[in-house]
2 protein chains.
Amino acid sequence: MVYRSTERVRARLDASRRRIVAAALEVMAEHGYAGCTVAAVANRAALATGTVYRHFPTKADLFAEVFRTASQREVDAVTRAAALETTVADRVTAVVETFCGRALQSPRLAYALLAEPVDPAVDAERLVFRRAYARVLAGHVAEGIARGELPPQDPELAATALVGALAEAMVGPLSAGVAGPGTVPGLTTFLHRALGVAP
Amino acid sequence: MVYRSTERVRARLDASRRRIVAAALEVMAEHGYAGCTVAAVANRAALATGTVYRHFPTKADLFAEVFRTASQREVDAVTRAAALETTVADRVTAVVETFCGRALQSPRLAYALLAEPVDPAVDAERLVFRRAYARVLAGHVAEGIARGELPPQDPELAATALVGALAEAMVGPLSAGVAGPGTVPGLTTFLHRALGVAP
DNA sequence: GCAAGGAGTGAACGGTGCTTCAATCCTTGG
DNA sequence: CCAAGGATTGAAGCACCGTTCACTCCTTGC
């Protein structure tokens, strides 16, 4: 046994793996999930098709990771934006603005993450994504109730409904053109009222 | 030219076509869109695979019609339920209860119509479906504003957000088990507040 | 430099399921 | 009953892609 994987090789492997995920994300942001053949991803990563399979057992596994990565980034952005505010009202505003702003910035990616038809195994990851958003929001809602800024209510349910409303309001604009200028403020008001933020 | 299609034949053709759509709907309600191969649908309709293609140019066309039919039925049910009520609050309650009740009654079908990964061409039909719901709701919202039962707001946007909240709140329960008992009333309250129904 | 064995390659494979088509059956009007 | 022509059949065709694998290249430690 003369060959044993060394640090340098492991670093290169790691880099390849990351490059594959990044490439997949790029292809998805450009052509949607529909354009994401394994060959296209490999090509973008400057690797052979077969090499992808040295890092991921199946295409679904690769894209599960892609979705997980991209989703985490989105959730983080929203979490960070909310953390800068103090009242629940301001936090919800921050969430809506961040979510919509980012979605409209890269519409193709947002559509893929939110609504595009994908492999069922990848679709499962989407549910996790949405639940992650809901969890963040549920935390703020619960705290709002505790502080007396919001009336008593089921934070989980409220958060889920918020996420649904947000996503739905974005899907239309994403698939066809751009959102009207009133969309984001209108949505903010709507969601504030839904939660029972005192006017 | 001795043969010319007669009334009887045209009736039989029509019946076949309808039987194909009905069969597709049945298969979808049982096994989801994933289980809907053309062969399975034809089999259920007691026809040969090839016959399907004498009625629909492609599978996507067939399922576009299936979605259209099923969606119309759902929208009609909701419309009818709302029409029995007078105040906006009661109408929204009726919509939520009807929507959720029907969805939970045939969860596999509801999941297919709302969220299951489908062919992109069929997915387009889904957007129409959701917009149809939104249109119904937007009408009620607009009337509510006119009557002074609701504060001024963009009825389209509000309706879209309502539909999103409803759909999202149902997807969880549909994919895994049943809805908790508090879901429907909780959702109703949430949506009333969102619209600004006077408490 | 060399043997051992992992990493990388990409053309070929294979499964799935939509779609077609030549053969057959059925309907119609004479 | 017959000829014309549409309707039906279902097995074969076909395309598309994910996946594999025999081969080559590279890295390692002696």
Side-chain angles (χ1 to χ4, degrees), chain A residues 1-21 23-24 27-28 31-67 116-123, chain B residues 1-21 23-24 27-28 31-67 116-123:
Chain A
M1 201 194 283
V2 187
Y3 178 99
R4 223 175 330 159
S5 84
T6 189
E7 198 48 49
R8 200 156 60 88
V9 173
R10 245 173 304 146
R12 184 160 48 86
L13 285 179
D14 237 55
S16 280
R17 189 192 164 91
R18 256 194 295 277
R19 219 166 62 245
I20 291 168
V21 173
V27 175
M28 201 159 83
H31 309 292
Y33 184 81
C36 286
T37 63
V38 175
V41 171
N43 192 52
R44 170 70 64 117
L47 291 169
T49 314
T51 307
V52 172
Y53 286 86
R54 297 193 132 295
H55 295 279
F56 299 93
T58 68
K59 181 188 181 181
D61 284 284
L62 163 58
F63 276 88
E65 180 153 336
V66 171
F67 266 60
E116 186 175 2
V118 299
D119 184 286
V122 178
D123 195 55
Chain B
M1 197 197 284
V2 187
Y3 179 100
R4 223 175 329 157
S5 85
T6 187
E7 196 49 50
R8 200 156 60 89
V9 173
R10 243 174 304 144
R12 184 160 48 87
L13 286 179
D14 236 54
S16 280
R17 188 192 164 91
R18 256 194 297 276
R19 217 164 66 244
I20 291 168
V21 173
V27 175
M28 202 161 81
H31 309 292
Y33 184 81
C36 287
T37 63
V38 175
V41 171
N43 192 53
R44 171 69 64 117
L47 290 169
T49 315
T51 307
V52 172
Y53 286 86
R54 298 195 73 58
H55 294 279
F56 300 94
T58 69
K59 181 188 181 180
D61 283 285
L62 163 57
F63 276 88
E65 180 154 335
V66 171
F67 266 60
E116 187 175 0
V118 298
D119 185 288
V122 179
D123 195 54

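This is a predicted model, so every value here is computed, not measured. First the proteins, then the strands, lettered A, B, ... as listed; each starts at 1.
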#### Entry: Which residues share a side chain to side chain contact (heavy atoms under 4.5 Å, CB included) with A:Arg19, sequence neighbours left out
A:Ser16, A:Leu47

### Message
Can you confirm whether B:Val38 sits close enough to B:Val41 that some side-chain heavy atom of one is under 4.5 Å from a side-chain heavy atom of the other?
### Response
no

Using the 3.5 Å cut-off, write out each protein N or O paired with an N or O of nucleotides 12-16 of chain C and the distance between them.
none

### Query
How would you list all residue pairs meeting salt bridge (charged side-chain N to carboxylate O under 4.0 Å, His left out) that involve residues 33-48 of chain A, not counting sequence neighbours?
A:Glu26-A:Arg44, A:Glu30-A:Arg44

### Query
Mind checking what makes side chain to side chain contact (heavy atoms under 4.5 Å, CB included) contact with A:Ala34, not counting sequence neighbours?
A:Glu116

### Message
Going by side chain to side chain contact (heavy atoms under 4.5 Å, CB included), name the residues that satisfy it together with B:Ala40, two or more places apart in sequence or in a different chain.
### Response
B:Thr37

### Query
A:Arg10 CZ to C:dG6 C1': how many Å, rounded?
13 Å

### Task
Round to the nearest Å and state the distance from B:Arg12 atom CZ to C:dC26 atom C1'.
8 Å

### Task
Report the residues that fulfil ring-ring contact (aromatic ring centres under 6.0 Å, His included) with A:Phe63, sequence neighbours left out, ordered by chain and then residue number.
A:Tyr33

### Task
Determine the contact category for B:Thr37: base if any of its heavy atoms lies under 4.0 Å from a base atom, sugar-phosphate if only primed atoms, P, OP1 or OP2 are that close, otherwise nothing.
sugar-phosphate

### Query
Quick one: do B:Asp14 and B:Arg10 make a salt bridge, cutoff under 4.0 Å?
no

### Summary
Here the residues of residues 53-62 of chain B within 4.0 Å heavy-atom distance, strictly under, of DNA chain C are B:Tyr53, B:Thr58, B:Lys59

### Message
For a 4.5 angstrom cut-off between non-hydrogen side-chain atoms, does B:Leu62 reach B:Val66?
### Response
yes

### Query
Taking 4.0 angstrom as the limit, do A:Glu65 and A:Arg17 come out as a salt bridge?
yes

### Summary
B:Leu13 atom CG is separated from C:dC25 atom P, nearest whole Å, by 20 Å

### Query
Taking only residues at least two apart or on different chains, which pairs with a member in residues 49-63 of chain A satisfy side chain to side chain donor-acceptor pair (under 3.5 Å)?
A:Thr58-A:Asp61

### Message
Just to be sure I understand the geometry, which residues of residues 40-49 of chain A put a non-hydrogen atom under 4.0 Å away from DNA chain D?
### Response
A:Thr49

